[in-house]
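This is the structure I want to talk about, given as structure tokens.
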Amino acid sequence: MGRSRRAESRTPEVVARRTDSGLAELIPDRDRPRGWTLLLDGAPQSYVDLDDPAHLSFEYQRWLGHIADLAAPAGRPISALHLGGGACTLARYVAATRPRSRQQVAEIDTALTELVRAELPLDRGWQLKVRGADARAVLERAPEGGADLVVADVFSGARVPAHCATEEFAALAARALAPGGLYAVNITDGAPLAFARSQVATLLRIFPEVGLVGDPAVLRGRRFGNLVLVAGRLPLPLPELTRRVAGDPFPGRVEHGRAVADFTGGAQPVTDATAVPSPAPPPGVFDAAR
């Protein structure tokens with residue numbers, strides 16, 4: 001993997017640049033010599049270790065990594081579509097753990113992509129293309145049945161944009177998936193979890209199989225945080241996903257079946273006509289990321 005001038009420095013400094021999304025900052029990790037956290041307007045978006053692209057730091061990244069691991073037998077190349085790029089953490093992970101995988105990343109902020117390419121270079125040997133376009137526009141043009149894994153990790157600042165959180169969007173993802181493919185969605189929410197409940201209801205309208213991964217405190221509405229939804233047409237690999245999530249440094253919980261239906265609390269699926277962005281995080285929730 002290529003090295004950037006700044007990544008080789010013995011005393012890495014914060015890199016800050018204005019992009020289309022706001023203020024992008026790359027914060028060096030004090031414990032990992034070539035580890036970096038990407039913040040956008042103070043909200044943590046990605047973590048990358050240039051020496052170890054298979055290292056996933058954030059809990060939600062680990063959950064997405066588990067889903068990617070279970071999208072096909074270990075080590076087998078897959079076709080993956082990443083909606084929302086940031087520093088391409090999960091795409092790097094798939095490239096490292098599944099060599100020869102074909103991947104496409106949709107990242108609307110081209111200035112951010114330029115910053116990432118300059119400071120956190122992608123391995124030129126990876127079959128990974130980053131497209132400077134809106135996630136939904138890329139999804140609309142995705143080949144039918146061509147993806148083993150579709151990941152929606154789309155944020156505008158610290159909020160999921162409304163047009164990427166609807167039945168119509170989920171139907172496009174279902175269309176892009178191969179018959180046994182997995183669809184994973186990262187969202188954020190807090191009490192009363194209205195956005196999360198409506199998103200689960202939305203996926204249940206489109207997919208026969210839906211699971212929900214989260215920290216128990218977030219699932220109960222006790223704190224604001226990430227939740228990951230996973231869906232597919234065929235039975236999900238829930239026993240292994242549950243085992244892996246429970247074994248993480250910060251153990252999470254996997255809900256499925258009746259528990260997922262109950263989680264919706266009667267919330268209705270979201271359409272393009274009714275969609276709203278996810279709620280803004282409470283002040284100070286990301287202070288520890290700095």
Open item on the list: If you define the side chain from C-beta out and look only at heavy atoms, does anything of R136 sit under 4.5 Å from L172?
Closed with: yes
Open item on the list: Do T274 and Q268 have side chains that approach each other closer than 4.5 Å (heavy atoms only, starting at C-beta)?
Closed with: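 No, side chains not in contact.
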TODO: Report yes or no: does Q61 contribute a side-chain atom to a donor-acceptor pair with the main-chain N or O of S46 at less than 3.5 Å?
DONE: no
Task: N/O donor-acceptor pair under 3.5 Å between D52 side chain and A54 backbone - done: yes
Open item on the list: With a 3.5 Å distance limit and no angle check, can you tell me whether R233 reaches the backbone of A174 through a side-chain donor-acceptor pair?
Closed with: yes
Task: Sidechain N-carboxylate O distance under 4.0 Å for E240, R243 - done: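 Judged by the 4.0 Å cut-off on N to carboxylate O distance, E240 and R243 do form a salt bridge.
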- [ ] Would you name the heavy atoms of G125 and D123 that are closest together and state the gap between them?
- [x]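 For G125 and D123, the tightest heavy-atom pair comes out as N-OD1, 2.7 Å.
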- [ ] State whether the side chain of D109 and the backbone N or O of S21 hold a donor-acceptor pair below 3.5 Å, judged by distance alone.
- [x] yes
Task: Test item: E144 side-chain N/O and R175 main-chain N/O as donor-acceptor pair under 3.5 Å - done: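 No; judged by distance alone, with no hydrogens or angles, the pair does not exist.
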Open item on the list: Between S198 (side chain only) and V270 (backbone N and O only), is there a donor and an acceptor less than 3.5 Å apart?
Closed with: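 Not a single qualifying donor-acceptor pair exists.
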Open item on the list: Determine whether a donor-acceptor pair (N or O, by modelled atom type, separation under 3.5 Å) exists between the side chain of T19 and the backbone of L112.
Closed with: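 Here the side-chain-to-backbone pair does not exist.
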Task: Under the salt bridge (charged side-chain N to carboxylate O under 4.0 Å, His left out) test, residues paired with D29 that sit two or more places apart - done: none
Task: Polar side-chain atom of R98 near backbone of P73 as donor-acceptor pair, under 3.5 Å - done: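 Yes: the side chain of R98 pairs with the backbone of P73.
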TODO: Keeping the roles fixed (side chain from Q103, backbone from A91), state whether a donor-acceptor pair exists under 3.5 Å.
DONE: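 Yes; at least one donor-acceptor contact below 3.5 Å.
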Task: D51 side chain vs R34 backbone, donor-acceptor pair below 3.5 Å - done: no
Open item on the list: Given D215, which partner from the list R253, R223, R220 fulfils the salt bridge (charged side-chain N to carboxylate O under 4.0 Å, His left out) test?
Closed with: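 That would be R223.
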Open item on the list: Side chains of Q199 and V185, heavy atoms from C-beta outward: is any pair under 4.5 Å?
Closed with: no
TODO: Check whether any side-chain heavy atom of L50 sits under 4.5 Å from a side-chain heavy atom of R92, and report yes or no.
DONE: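 Counting from C-beta outward, L50 and R92 do come under 4.5 Å.
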Task: Residues that, via side-chain heavy atoms closer than 4.5 angstrom, fall in one hydrophobic cluster with L182 - done: Y47, L56, F58, Y60, W63, L64, I67, L70, I78, L90, Y93, V94, L149, V151, V213, V228, V230, L236, L238, L241, V245, V254
- [ ] Indicate the atoms forming the closest heavy-atom contact of C164 with V154, along with that distance.
- [x]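 Heavy atoms of C164 and V154 come nearest at SG-CG1, 4.0 Å.
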